[in-house]
Participant: 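Could you have a look at this structure, given as structure tokens, before my questions?
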Amino acid sequence: MSALLITGADLAGSGRQDLLIEDGVITEVGALRSVSGADVLDADGLVALPGLVDLHTHLREPGREDAETIGSGSAAAAVGGFTAVLAMANTNPVTDTAEAAERVLDLGRTAGLVDVQPVGAVSKALAGEELAELGLMARSRARVRVFSDDGRCVSDSRLMRRALEYVRAFGGVVSQHAQDPHLAGPAACCHEGELSGRLGLPGWPGIAEETIVARDVMLARHTGSRVHIAHVSTAGSVEVIRWAKQQGIAVTAEVTPHHLVLTTDLVAGYDPTFKVNPPLRPREDAEALRAALADGTIDAVATDHAPHARHDKEHAFVDAAFGMLGLETALPVVSDAMVSAGLLDWSGVARVMSENPARIAGLSHHGQPLAAGSPGNVTLVDPSADVTIDRDSSLSLSRNNPWHGLTLRGAVHATVLRGRITALKGGLA
Ligand SMILES: [Zn+2]
């Protein structure tokens, strides 16, 4: 039998307790005496959260193992406090069959640092024309429940309707990258506004997101199915989602750490590190996103971790690849921007970074309260540690880190997956 005793942790802000994990399951919580044979992890001064769950990770394997592998991405995730990540389908080949999904699952198990749960493509080869093998992926060993063409929008209304109808049968959800391609085409690379005009960059207007969000909540209502809005970036999208939730429509939404904090003025220097899709928005949008995360309109923080090799990112702004790293910095950013700012307490962080994402993804072994009987998945956070982000210390294979050089309050101290310490003090355990 394996046993881990975590002593003196503040359980999501509800007071100091000891936590005993035996054979991967939490068996006791309270003031515990030393347990013979148990490894001890001293958590004095630390906050314990249920293991973090990322709804939106790009691991690049298969196809672009120069940018990330399932192994390197799993390592970055563990160090970032995650015990489960959803691996997006836009790999090469695309995760659009049961076999492809099972392969991602198995590579994740081999790496063994986090549970890697494959996301299935909505359409074959992400082409937006024919539905992928949704049912076969759902019935496979990988039990796929989240489907997304992320990187691309399911812009065809009829295809989106059919996908929603299909996934309803097995409690699945369609995660939408909301971008009307007629309003924001592939060249659109910067928030459309005064700045994009001055810089001469093709603009990506907020309305291109909002029209798809509005359409999709209506399709969710019509089909009685679940839609999830990936990386919400505008105040207008927040308004639509708030309205839809008031109507009882089954919509959930995520926001990235970068859209919570970083703003469009950062692209003024044409640094492709700040090129991301959807683009960084004005300050008013970021403020609305933080408020929506605090009041529950937005359910989850998701990283949209998007590693890119140097030769894809280091180009003129218009030609560079979209995306930023996020797994290792998500918790410090949320801690700094939401907890230190008084917008969320630690139980709120547990909700938006573990409980809600696990529920949305249908991962019953994650996001459970830290109580007897729950899986032994725990993230220990030092809420008073100041961390200076250094892109060169990353376990990701890529370096496109927009937080480099910033000092943030709050750090992941340790990550525990089913009673096994996977990461400790910024490195693998
Ligand atoms: Zn996306």
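Index from 1, following the sequence. When a ligand or atom number is given, it counts from 1 through the structure's own listing order.
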Participant: Roughly how far apart are Asp304 CG and His58 NE2, rounded to 0.5 Å?
Facilitator: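 Going from CG on Asp304 over to NE2 on His58, the span is 4.5 Å.
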Participant: By atom name, which N, O or S atom of His231 is the nearest to the Zn ion (ligand 1)?
Facilitator: NE2
Participant: Indicate whether any N or O donor in one side chain lies under 3.5 Å from an N or O acceptor in the other, for Thr415 and Thr379.
Facilitator: no
Participant: Relative to the Zn ion (ligand 1), which of the N, O or S atoms in Asp150 is the closest?
Facilitator: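 So the atom name we want here is OD1.
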Participant: With a 3.5 Å cut-off and no angle check, do the side chains of Asp54 and His305 form a donor-acceptor pair?
Facilitator: no
Participant: Quick check: of its N, O or S atoms, which one does His177 have closest to the Zn ion (ligand 1)?
Facilitator: ND1
Participant: Quick check for you: to the nearest 0.5 Å, what is the distance between Leu126 atom CG and Met88 atom CE?
Facilitator: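 Going from CG on Leu126 over to CE on Met88, the span is 11.0 Å.
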